[in-house]
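Comments concern the structure below.
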Protein chains: 2
Amino acid sequence: MVTMHDVARAAGVSLMTVSNVINDHPHVKQGTRERVLEAIDALNYKVNVAARNLRSGRTGTIGLAVPEIDRPYFGQLAALVIERAAARGFRVAVEQTGASRENELEALAASRIRLYDGLLLSTVGLGPADADLLNVEYPVVLLGERIFDGPVPHVAMPNVEGARSAVEHLISQGASRIAFIGSPESLSEIGASGLRVRGYREAVEGAGLAFDSRLLFRTASFSMPEGARVAGMLINSGVDVDAVFCANDSLAFGVLRRLADSGVRVPDDMLVIGFDDVLEARYSIPSLSTVAPDHVQMATAAVDLLAARIAKAGTAAEPTELVSDYRVVMRESTSV
Amino acid sequence: MVTMHDVARAAGVSLMTVSNVINDHPHVKQGTRERVLEAIDALNYKVNVAARNLRSGRTGTIGLAVPEIDRPYFGQLAALVIERAAARGFRVAVEQTGASRENELEALAASRIRLYDGLLLSTVGLGPADADLLNVEYPVVLLGERIFDGPVPHVAMPNVEGARSAVEHLISQGASRIAFIGSPESLSEIGASGLRVRGYREAVEGAGLAFDSRLLFRTASFSMPEGARVAGMLINSGVDVDAVFCANDSLAFGVLRRLADSGVRVPDDMLVIGFDDVLEARYSIPSLSTVAPDHVQMATAAVDLLAARIAKAGTAAEPTELVSDYRVVMRESTSV
DNA sequence: TTGTATGCGTTATCAG
DNA sequence: CTGATAACGCATACAA
């Protein structure tokens, strides 16, 4: 392993001159610089990042903890985060928490945390009860969900508002028996799904319709298979339904598929709307109406907030909260 | 920042004893161990990974360079890689190359490379001409494509064979005018797309059909928008086509969408088959027939190969090559 | 403009 | 079983 020592010797200069060249320090004579660069090239020297990290106390890497990177929403989020982070000189290490509260806490508490300059935690399992646990002396930014009064800066989806608008849209299209398909904590008012149920309820009641808990269908996750499974239960339940609001797009794709299997036509027999506006929503058949948060804005804000936290390490975190803009995108699945 | 020093002082032992406790060395008396652990707990000590890395010369992190993490195939691949790597004690940092040859080389050559113990490079832009550049004294495993006689171990898709089987399937379903939709290097016989064209050609000619270059449609990328765009060109070209083989599933989804827009029914008027078998293929409408490589096998093999390379660092890389098993999954898009 | 000395936090080695 | 010492490779502070 070739070190700065070797380069220095080869170039006939001191260790420090090599360091200065590498770090673009101003006071190096042109000739010296060139000699050093040549030596670096000749020896194929690469800086030892571990040593630099040890010296500087920084790693240049931020952690991104998401439930599952293979879900379109998180893949698309990760792409943006990686891009933004790169622009700020950070690499991104991705951790998968599998959407479990334990793993999210683990990601937060793990000793490995010191590997990263900061952590971007896309949480789904943590609730207000865990607020204390987030009180770590470590740069953390929450992404994607709101935690009531959390001590950590977070960038949130417009869960309640977006859901309300989505359901209002369904109602404006003539729906009156609207089902909600979402995740297990749907009924407990915390987490993304819970907040979206709240928006759903506000819209339903705001329109003078009855909030009927038999129209709430619980899923075990936010995935296509679960969407399909629960849509099957909905169909077999015999409950009268003319529209479905899904807690995310992946669920909606599963629902569309299951409805097609049963010969239920969308939008003719049933309206379907999702949440997230993943790329696929534009291309599904029928194309999927959905709530579109501003993904770029969210990723940018999250990385910027985290970078700021990292920069002024030691300072107490101000519990900044940013809620993304959104709009309801109307596509075929709700076009009457 | 609390260090081992602090812990040692608090526990009334030496630095080394703390180190030995942390690393589960055998020769530490029970009582001492407990005292140290208590101190660690009380002070909330966490090991400094940078220092450990400097000492050990390893980082515990591998890099995964993919074109775009927001494409379903790569998201699903990354999920598996991260999982397998975690099982072997490695973290995974994801880099996006944007599918450009420059960025792939950059990922390979960057000084940052020393940040990782090894690199998993999912290449699309590199060709045989770049074989030399891969001759780095650094653990690298190529993923997803074959490079002729490359000096680096690689885990490859069954590009030629899979494509041949896909097209043979189309033919067995009665197709005779089969279009290929794939990426720009389609005609030059390198890269995933080129290899898939080869399989396409073998199947077509093997069935006694004419290989007609007017049936080859070039895309600028492997994305849904490109699939839709090129499908539009196909429709407007007036060329007589009764089936389409797409170089990947994302292109196929775009094609399905565009065909639907033009009232072309799948599979009644046109058969469509893809490549990759991403999760979405099972849920699209119509569901997508496709070539299914063994993703788990590929991810596992890639991580295992890389881990092996890392373990015996210094040794010359044996150019191991592993081609994934595959099968053609028949779904609605080719069910006559 | 360049060089010297020092320490970042950890662990291998070897002595006690 | 435990401890003293010396690196790992780099960059800061300061001296020349």
Side-chain angles (χ1 to χ4, degrees), chain A residues 1-40 43-61 89 111-117 138 313-314, chain B residues 1-40 43-61 89 111-117 138 313-314:
Chain A
M1 172 160 319
V2 31
T3 76
M4 281 176 57
H5 257 105
D6 305 318
V7 177
R9 196 146 13 84
V13 298
S14 89
L15 210 56
M16 265 329 290
T17 303
V18 179
S19 174
N20 286 334
V21 170
I22 289 174
N23 297 293
D24 277 331
H25 281 218
H27 305 302
V28 182
K29 206 158 51 181
Q30 188 56 26
T32 323
R33 157 166 285 124
E34 275 163 15
R35 228 159 358 111
V36 171
L37 288 176
E38 273 167 29
I40 287 178
L43 299 175
N44 192 25
Y45 165 79
K46 301 276 192 287
V47 304
N48 179 322
V49 191
R52 176 181 282 177
N53 289 346
L54 177 56
R55 238 341 269 209
S56 67
R58 312 269 240 82
T59 68
T61 300
S111 64
R112 99 188 67 151
I113 208 169
R114 293 281 285 275
L115 242 182
Y116 310 134
D117 292 340
Y138 182 78
Chain B
M1 171 163 313
V2 31
T3 77
M4 279 176 56
H5 257 105
D6 305 319
V7 176
R9 196 145 16 83
V13 298
S14 89
L15 212 54
M16 267 325 291
T17 302
V18 178
S19 175
N20 286 333
V21 169
I22 289 174
N23 297 293
D24 278 331
H25 282 216
H27 304 304
V28 181
K29 206 157 54 180
Q30 187 56 24
T32 324
R33 159 164 283 124
E34 276 163 15
R35 231 164 350 118
V36 171
L37 289 175
E38 273 168 29
I40 287 178
L43 299 176
N44 191 28
Y45 164 80
K46 301 275 194 291
V47 305
N48 179 323
V49 191
R52 175 178 285 176
N53 289 346
L54 176 57
R55 259 316 295 206
S56 67
R58 313 271 240 80
T59 69
T61 300
S111 64
R112 97 187 68 151
I113 209 169
R114 292 281 286 273
L115 240 183
Y116 310 133
D117 292 339
Y138 182 80

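To find a chain, count down the sequence lines: A is the first, B the second, and so on, and within it residues start at 1. FYI, side chains are in, hydrogens and waters are out, and symmetry mates aren't considered; it's all heavy atoms of this structure.
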Determine whether a donor-acceptor pair (N or O, by modelled atom type, separation under 3.5 Å) exists between the side chain of [X] and the backbone of [Y].
{"X": "B:D117", "Y": "B:T59", "answer": "yes"}
{"X": "B:S56", "Y": "B:R52", "answer": "yes"}
{"X": "B:T32", "Y": "B:V28", "answer": "no"}

Tell me, do [X] and [Y] make a side-chain contact under 4.5 Å, heavy atoms counted?
{"X": "B:H27", "Y": "B:N20", "result": "no"}
{"X": "A:N53", "Y": "B:N53", "result": "no"}
{"X": "B:I40", "Y": "B:I22", "result": "yes"}
{"X": "A:V7", "Y": "A:T3", "result": "no"}

For A:H25, does the NE2 atom have more than 12 heavy-atom neighbours from other residues, nucleotides or ligands under 6.0 Å away?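 Count over threshold, so yes.
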Looking at every heavy atom in both [X] and [Y], which two are closest together, and how far apart are they?
{"X": "A:Y138", "Y": "A:Y116", "answer": "OH-O, 2.8 Å"}
{"X": "B:A11", "Y": "B:R35", "answer": "O-NH1, 2.9 Å"}
{"X": "A:A10", "Y": "A:A39", "answer": "CB-CB, 4.1 Å"}

According to the salt bridge (charged side-chain N to carboxylate O under 4.0 Å, His left out) rule, which pairs have a member within residues 8-32 of chain A, sequence neighbours left out?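 Checked against salt bridge (charged side-chain N to carboxylate O under 4.0 Å, His left out) - neighbours excluded - the pairs reaching residues 8-32 of chain A are A:D6-A:R9.
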With the threshold set at under 4.0 Å for non-hydrogen atoms, list the residues of residues 21-36 of chain B touching DNA chain D in residue-number order.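 The stretch gives B:H27, B:V28, B:K29, B:T32 as the residues lying under 4.0 Å from the strand, ordered by number.
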Name every residue in residues 52-59 of chain B that has at least one heavy atom under 4.0 Å from any atom of DNA chain D, in order of residue number, or write none if there are no such residues.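 Close to the strand are B:L54, B:R55.
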Using the heavy-atom set of chain B and a strict 4.0 Å cut-off, write down the first and last nucleotide of DNA chain D that makes it in, 5' to 3'.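 Boundary nucleotides touching chain B, in 5' to 3' order, are D:dC1 to D:dG9.
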Residues from residues 8-20 of chain B lying under 4.0 Å of DNA chain C - heavy atoms: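 Of all residues in residues 8-20 of chain B, the ones placing a heavy atom under 4.0 Å from DNA chain C are B:L15, B:M16, B:S19.
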Identify which one of A:L43, A:N48, A:N44 satisfies the side-chain contact (heavy atoms from CB on, under 4.5 Å) criterion when paired with A:V2.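 The side-chain contact (heavy atoms from CB on, under 4.5 Å) with A:V2 is passed solely by A:L43 among A:L43, A:N48, A:N44.
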End axis versus end axis in the helix from C:dT1-D:dA16 to C:dG16-D:dC1, the angle rounded to 10°, five pairs used at each terminus: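 If I round to tens, the end axes sit 40° apart.
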Spacing of A:R55 atom CZ and B:L54 atom CG [to the nearest 0.5 Å]: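 If we round to the nearest 0.5 Å, A:R55:CZ and B:L54:CG are 12.0 Å apart.
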